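Everything below concerns the one structure shown next.
Just follow the structure's listing: the first ligand is 1, and inside any ligand the first atom is 1. Atom set for the values below is all heavy atoms of this structure, side chains included, hydrogens, waters and symmetry mates excluded. For clarity, every value in this text was computed on a predicted model and none was experimentally measured.
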Amino acid sequence: DRPKEPLFVAKGENNVSFDVPSEYLIDRYKPLVSDIHNRFPGDKNISVKKLNNIPDLSLPLSLSRNASFSLFNPLHSKMASMLIEAFMATKSFDDLLSLAVYCRDRVNSYMFVYALSVVMLHRPETRNLRLPSHVEMFPSLYMGPSVFSRAREEAEVVPVGSRVPIEIPQDFTASDLDPEHKLSYFREDIGLNLHHWHWHLVYPFEGPLNVVNKDRRGELFFYMHQQIIARYNMERLSNGMNRVERLTKWNDPIVEAYFPKLDNILSNGVWPSRFANSRLSNINREADQISFDIEDLERWRDRLFKAIHSGFIVNTNGQQVPLTEQGGIDILGNLIESSILSQNPNLYGSLHNQGHNAISYIHDPDGRYLEKFGVMGDSATAMRDPIFYRWHAYIDDIFQEFKSTIPSYPVQNLTFENVRVQSVEVTATGIPRNEFSTFWQKSNVELSRGLDFMPRGSVLARFTHLQHAPFNYKIVIENNGNQRTGRVRIFIAPKFDERGSPIIFRDQRKLFVELDKFSVSLKRGRNEITRSSLESSVTIPHEAVYRNLDNNRPADNTAEAEAFNFCGCGWPQNLLIPKGSAEGLQCQLFVMVSDGATDQVENAQGANQTCDDASSYCGLRNARYPDSRSMGYPFDRVPRNGVVTLQQFLTPNMIVQDVRIRFTNRTVSSFTNNSRPSAGTSNPPR
Ligand code: CUO
């Protein structure tokens, strides 16, 4: 009843089987061939060609199949990078398939899926294929182990069609005795962790240059993680908690504990926990070939601050490279993470990645207990842990230090001549104007792909997660010039701080959460624009994460499921709006229209623009980032002299509207595909 390593394509939705060249079989399986064939007949056979030459895979093969694999481990990352390179170098789809089949029973399973996923996203022949959802392949990374024995029982006893979803309790990792547990609905949200896994899949920090070197990747590393912290802070304020504290003073005990309660399927163990008041120490894990001191982190930090305050970094040739207004943030992003685009890894090290490692090995820094890394060591699990946010708040603060050294936006960089935003309002059916309604919702995840049991067929797990009622923005824009294109930028931020005092703009700008960004054609005169929350440029559809269908419908291969282009990367729709509070968290909605002509980014004709529904945090696949402004504009810089309040910051093409986010502690269970309440179900609770 334990989850098994996923069979990836082999146990696909159409019950496909592969005719594998006998030379590819590992010795153990050679005598079993015909038996395996009989026991696992496929509806469809795919024959796999035999490659004349198998590339040298000795480095990736040196990691055992069931070892724990962490991308933050430099050696593992190098292995994965070599595997990616080998896959990328194949000459055709058939060659790629053949090499993948050859590797499947030999290479570390987690590395195999990671590397093949990266390659599938980047090869022209495969980039439009739908990757199986990571939660469906590795459910044990996203939910507690108790679900799996219950799933097996359901599958063995109950025929497909009569099976009921396995309910996952909402409070399975801790109780409210730990104040941080109030945020578990956010930290342990499946869509949130999938987004993070996918983001790092699209933007690996190591690998072939043509995979890593994407337009503004260092800047997007900064911006996407900055937005995570802004959103997390809004969730904290929603729950009456203080904003997250940066993880400074690396020799002090860390107050936050985390007990993930996840199975580690590869090494047949569990993910290690971190007790309250654990201390970081030097890491020296011989078996993992990873060793560094806390003092190394301190040296890298000091050099980064020196570079920021001097206005330049020193590259590996000893030359000064200026940190410019526009491009500086991109250089820093790659330097701090660090990615292979870092211009001087010897000098500036790898602060962010090694911080993940220091935290993830805190319970066994020299490996004497043979314990593997904690959840901070894997991008699919890191966001579950409260410490993730303290570490990233620290990292974000370094970027903010840089942003405070560059000039503020002068008024002319904020205005849009002859364009005035007259009003904005938020409307949703049955909900007062300018109010967002949040509540709990239950949704299903398919388990059958990631579990091995007989008889097969769909088995669902059912989660309770945050949701909001879909809403529309109504924006009125007055254009006193000719017809032109405007770029609408919508953000939201809390209005009051932890103590109930108005947040000063200098701090509030860092709390602004992007909700949407889109282009509009503005005719002369009055323009009334309606935009649905379901169109947000930040999110991917709910169905990219969940199988929200009727209980009794088979989950596989529905037309609805296929109709969506599941690109994976994107903020989950259900977390677009923070939780808010029962009284209604008071917030400020900000709308700006900037000049589309100057903000436009030209992408080459015919550039593949699929996967463009979550471009704000994920960019466009195989194309330039679709906004020429600095990410986070207009809030990414310190306000100009004399501006103390948000009102003083506004130019005529901006507007602010007071709004509330009202949370109701009720659960809605049945939704249709667009996350809209379906016929016959109650409206979202008020
Ligand atoms: Cu996304 Cu620290 O980069 O996890």
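Checked by atom type and distance alone, the side chain of R624 never pairs as donor or acceptor with a backbone atom of V601 at under 3.5 Å.
In this structure the side chain of Q226 never reaches within 4.5 angstrom of the side chain of K403, judged on heavy atoms. Using a 4.5 Å heavy-atom cutoff, the side chains of Y114 and P204 are in contact. By the 4.5 Å heavy-atom criterion applied to side chains, M383 and I228 are counted as neighbours.
The N, O or S atom of H356 lying closest to atom 2 (Cu) of ligand 1 is NE2.
With a 4.0 Å cut-off on non-hydrogen atoms, E337 does not touch ligand 1 at all. When heavy-atom distances to ligand 1 are checked against a 4.0 Å cut-off, F388 comes that close only through its side chain, counted from C-beta outward.
Residues satisfying the salt bridge (charged side-chain N to carboxylate O under 4.0 Å, His left out) criterion with R509, sequence neighbours excluded, are absent altogether.
Residue pairs meeting the side chain to side chain donor-acceptor pair (under 3.5 Å) criterion with at least one member in residues 305-314, sequence neighbours excluded, are H309-E401.
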Per-pair distances, 0.1 Å, donor-acceptor, side chain in residues 244-256, under 3.5 Å, sequence neighbours excluded:
unit_1 : atom_1 : unit_2 : atom_2 : d
R246   : NH1    : D397   : OD2    : 3.1
W250   : NE1    : L247   : O      : 2.7
E256   : OE1    : R390   : NH1    : 2.9

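Residue Y185 forms a side chain to side chain donor-acceptor pair (under 3.5 Å) with just one option from T464, D171, N239, and that option is N239.
Below the 2.8 Å limit, atom 1 (Cu) of ligand 1 has as protein N, O or S neighbours H196 NE2, H200 NE2, H225 NE2.
Close approach of ligand 1 to H352 (heavy-atom distance below 4.0 Å) involves ligand atoms 2 (Cu), 3 (O), 4 (O).
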